[in-house]
Asker: 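My structure is below; once you've seen it, I'll send some questions.
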Amino acid sequence: MMREDTIAAIATAQGQGGIAIVRVSGPEAEKILRAAFRPRKKRDRYVPNLLMYGHIQDENGRDLDECMAVFMSAKASYTREDVAEIHCHGGEACARSVLELTCRLGARVAMPGEFTKRAFLNGRIDLARAEAVMSVIGAQGEAALRSGVRQLEGGVSAFVRQASEKLATLLSGIEAATDFPDEISEDEAAGDLLSGIDEILAMLDARLDERGARILRQGASIVLSGRPNVGKSSLMNALLHRDRAIVTDIPGTTRDVLTERVRLGGIWAEISDTAGLRDANDPIERMGVARAEQAAKQADVVLYVVDASGPLAEEDVFALEHGDGRTLVCLNKADVEVVCSMRTISEINPALEAMEISAKTGQGLDALTAALRRRVGAEDLREDVLVSQRHIDLARQARNALTAAKDALLGGMYVDLCADDIRRALEFLGEITGVNAREDVIDRVFRNFCVGK
C-alpha cells in the first residue's frame with residue numbers, strides 16, 4: 001500500500017443520526033481541511049487537537065453544512081499520520097457530500113480497515129491490538145466487550161511477549177549448553193529445558209479455551225428439545241418474556257427451528273424452539289424433527305422438556321438414557337400434580353441435572369435461568385482467553401511445536417536438536433502480534449474490517 005497518499009471515509013454507521021464523522025488521514029489531511037472548513041473564530045484556525053466550530057464549504061464557497069472539525073498531527077493521531085475529522089450532521093446525503101468534497105480536494109476513498117492498517121504499519125499498534133478494534137466494535141455482550149477492551153489494551157500482546165521472552169531464554173540455554181558442554185551437562189540442560197517448556201505449555205493451555213472463545217465471539221446456543229405438547233414453546237415464550245412461539249394443544253404445531261436471542265449475564269445466547277420428537281407421517285413434520293435433532297447435536301445446552309404431570313414415554317426414556325453433560329432436564333407443568341419427579345430422572349440417568357418448572361405460572365424459571373447462566377459460563381467465563389480464531393490456531397501450532405520438543409527430550413534426543421521446534425513455536429507466537437506475519441496474512445486481517453476504521 002502506498003502510504004504517501006491521503007485517504008478518507010465516513011467513520012460512523014450508515015443511516016440517520018445526530019452526527020456523522022468523515023475521517024481523513026495522510027500528508028494532505030491538513031491541506032484538505034483548510035480548503036474545506038472555515039472556523040467561526042479566526043483564533044481557532046486549525047490548532048492541533050482543538051475541536052473547532054464552523055462551516056464546511058465546497059470549492060465555490062457554498063456552505064454544505066454547519067459542523068465541527070479537528071486536526072491531529074501525526075505524532076498524536078490514531079494512524080500516526082496527519083488526521084482531520086469533520087463532524088457534520090448525520091444522514092447519508094450530508095456525510096456523502098462531505099466525503100466527495102474531500103476526494104475532490106485530493107483524498108481517495110479508504111479501503112476497509114485501511115486506517116487501522118496504517119496504524120499497524122506505522123508502529124502505533126501491533127496486529128493483535130489492531131484486531132481488537134473490530135472485537136470491540138463487534139462485541140455482542142458485556143463479556144465480549146471486556147475481552148475486546150483487554151485485548152485492545154495489550155492483554156494478548158503482553159501474553160505473547162512474555163511467552164516469547166521465555167522461549168528466547170530457552171534458546172539461549174540450548175546455545176550455552178552446546179557451547180560449554182564441560183560446564184553444563186546434557187542431563188542438566190535437558191531438565192532445565194523440560195521445566196521451561198512445561199511452564200510455557202501451561203501458559204498456553206490457560207488461554208486456549210475454544211468453547212469459551214466461541215461463546216464470547218458468537219454467543220451460546222440453547223436448544224429446547226422433547227416430545228410434542230410438553231410445553232417447549234410455552235417455555236421459550238416464558239424465557240423471552242414475550243409471545244414468540246405459537247402455542248396450541250395440537251401436536252406438531254412447531255415444524256421448524258425457531259430461534260431468538262436472550263441475554264444471560266454478560267453474554268448473548270440463541271435459544272431455539274424445535275419440532276417435537278416423534279415418528280411423524282407428515283413429510284414436513286419429519287423434516288422438522290430431523291432439524292430438531294441436528295440442532296440438539298450442535299447446541300451448547302439442550303433443555304430437554306418433559307411433561308411432569310404424566311409418566312415418561314419410551315421416547316423420553318431413550319433420550320434421557322443418551323443425554324450428556326449438555327442436557328438439562330426441565331420437568332414442566334410442576335404447577336399440577338407431579339407424576340414424573342427428579343428422582344425418576346436420576347434413576348434413569350444419575351448424571352443428568354433436572355429441575356421442576358412451570359412455563360405457565362413461572363415456577364422455577366429463576367432457578368432455570370441461573371442454571372443456564374452457569375452452563376454457558378456467563379458467571380466465570382475467562383476474559384483473558386484467546387478469542388480470535390487466528391490467535392487460537394497459531395497458539396495451538398506453537399503448543400504442538402513445544403510438545404514435539406518435549407517428546408523428543410523425553411525420548412533421549414540431544415538438547416540442541418530440539419532448538420528448531422522451539423524456534424517454530426516462537427515464530428507462531430510472533431505471527432499473533434505481526435512480528436513476522438506475511439503480507440497476505442496482514443491483508444486478510446484488515447479485509448474483514450469496516451470502512452472508516
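FYI, the numbering just counts along the sequence from 1. Remember, it's a predicted structure, so these values are computed and weren't measured experimentally.
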Asker: Applying side-chain contact (heavy atoms from CB on, under 4.5 Å), can you list everything that pairs with Ala158, at least two apart in sequence or on another chain?
Answerer: Arg161
Asker: Under the rule for side-chain contact (heavy atoms from CB on, under 4.5 Å), what residues qualify as partners of Glu30, not counting sequence neighbours?
Answerer: Arg34, Phe71
Asker: Write down the atom of Phe115, the atom of Ala9, and the distance for their closest heavy-atom approach.
Answerer: CE1-CB, 3.7 Å
Asker: For Ile56, does its backbone N or O pair with a side-chain atom of Arg38 as donor and acceptor, under 3.5 Å?
Answerer: no
Asker: When you compare the side chain of Val24 with that of Ile7, does any pair of heavy atoms fall below 4.5 Å?
Answerer: no
Asker: Are the side chains of Leu426 and Leu171 in touch, meaning some heavy atoms are under 4.5 Å apart?
Answerer: yes
Asker: Do Leu303 and Val223 come close enough that some side-chain heavy atom pair is under 4.5 Å?
Answerer: no
Asker: Run Val262 and Leu240 through side chain to side chain contact (heavy atoms under 4.5 Å, CB included) and show every step you take.
Answerer: CA-CA 7 Å; Val262 64; Leu240 294 174; 4.2 Å; yes
Asker: Got a sec, which residues hit salt bridge (charged side-chain N to carboxylate O under 4.0 Å, His left out) with Glu28, two or more places apart in sequence or on another chain?
Answerer: Lys31
Asker: Please examine the side chains of Leu264 and Ile222, heavy atoms only from C-beta on, and report whether any two atoms are closer than 4.5 Å.
Answerer: yes
Asker: Do NZ/NE/NH1/NH2 and the carboxylate oxygens of Asp126 and Arg129 come within less than 4.0 Å?
Answerer: no
Asker: Does one side chain, of Ser25 or Tyr78, offer a donor that lies under 3.5 Å from an acceptor on the other?
Answerer: no
Asker: Under the side chain to side chain donor-acceptor pair (under 3.5 Å) rule, collect the residues that match up with Glu210, sequence neighbours excluded.
Answerer: Arg396
Asker: Taking everything shown except Glu92 itself, do over 12 heavy atoms lie less than 6.0 Å from its CD?
Answerer: no
Asker: For the CZ atom on Arg96, are there more than 12 heavy atoms of other groups (residues, nucleotides or ligands in this structure) within a distance under 6.0 Å?
Answerer: no
Asker: When you check the side-chain N and O atoms of Asp393 and Gln397, is any donor under 3.5 Å from an acceptor?
Answerer: no
Asker: Can you name the salt bridge (charged side-chain N to carboxylate O under 4.0 Å, His left out) partners of Asp324, sequence neighbours left out?
Answerer: Arg326
Asker: Is a side-chain donor or acceptor of Arg375 paired with a backbone partner of Thr327 at a separation under 3.5 angstrom?
Answerer: yes
Asker: With sequence neighbours left out, what residues match Leu201 under side-chain contact (heavy atoms from CB on, under 4.5 Å)?
Answerer: Ile197, Asp198, Arg399, Leu402, Thr403, Lys406
Asker: Checking Phe446 now: which residues fulfil ring pair (Phe, Tyr, Trp, His ring centres under 6.0 Å) with it, not counting sequence neighbours?
Answerer: Phe449
Asker: Would you find a donor on one side and an acceptor on the other, under 3.5 Å apart, between the side chain of Thr369 and the backbone of Leu365?
Answerer: yes
Asker: Could you measure the distance from the CD atom of Glu199 to the NZ atom of Lys166? Nearest 0.5 Å is fine.
Answerer: 3.5 Å
Asker: Side chains of Asn349 and Glu321 only: does a donor on one sit below 3.5 Å from an acceptor on the other?
Answerer: no
Asker: Considering residues at least two apart in sequence or located in another chain, which fulfil the side chain to side chain donor-acceptor pair (under 3.5 Å) criterion with Glu66?
Answerer: Tyr53
Asker: Taking only residues two or more places apart in sequence or in another chain, which ones pass salt bridge (charged side-chain N to carboxylate O under 4.0 Å, His left out) with Asp300?
Answerer: Arg211, Arg214
Asker: Given side chains that start at C-beta, do those of Glu114 and Arg108 come closer than 4.5 Å, heavy atoms only?
Answerer: yes
Asker: Once you round to the nearest 0.5 Å, how far does SG of Cys330 lie from CG of Leu368?
Answerer: 4.5 Å
Asker: Taking only Lys NZ, Arg NE, NH1 and NH2, and the carboxylate oxygens of Asp or Glu, determine whether Glu353 and Arg374 approach each other closer than 4.0 Å.
Answerer: yes
Asker: At what distance, to the nearest 0.5 angstrom, does CD1 of Ile200 lie from CG of Leu429?
Answerer: 8.5 Å
Asker: For a 4.5 angstrom cut-off between non-hydrogen side-chain atoms, does Val306 reach Asn332?
Answerer: no
Asker: If the condition is side chain to side chain donor-acceptor pair (under 3.5 Å), which residues does His87 pass it with, not counting sequence neighbours?
Answerer: Glu85
Asker: Tell me which one of Val109, Val98, Ile21, Leu99 satisfies side-chain contact (heavy atoms from CB on, under 4.5 Å) with Ile10.
Answerer: Leu99
Asker: Run the side chain to side chain donor-acceptor pair (under 3.5 Å) test against Thr102 and tell me which residues pass, sequence neighbours left out.
Answerer: none
Asker: Report yes if some heavy atom in the side chain of Arg424 is under 4.5 Å from a heavy atom in the side chain of Phe428; otherwise report no.
Answerer: yes
Asker: Please confirm whether the backbone N or O of Pro350 pairs with a side-chain atom of Ser346, one donor and one acceptor, at under 3.5 Å?
Answerer: no
Asker: Could you go through the side chain to side chain contact (heavy atoms under 4.5 Å, CB included) check for Ile345 and Leu320 one step at a time?
Answerer: CA-CA 8 Å; Ile345 305 302; Leu320 294 172; 3.6 Å; yes
Asker: What residues form a side-chain contact (heavy atoms from CB on, under 4.5 Å) with Ala35, not counting sequence neighbours?
Answerer: Leu105
Asker: Keeping the roles fixed (side chain from Asn122, backbone from Thr79), state whether a donor-acceptor pair exists under 3.5 Å.
Answerer: yes
Asker: Please tell me if the side chains of Leu224 and Leu235 come closer than 4.5 Å, counting only heavy atoms from C-beta onward.
Answerer: yes
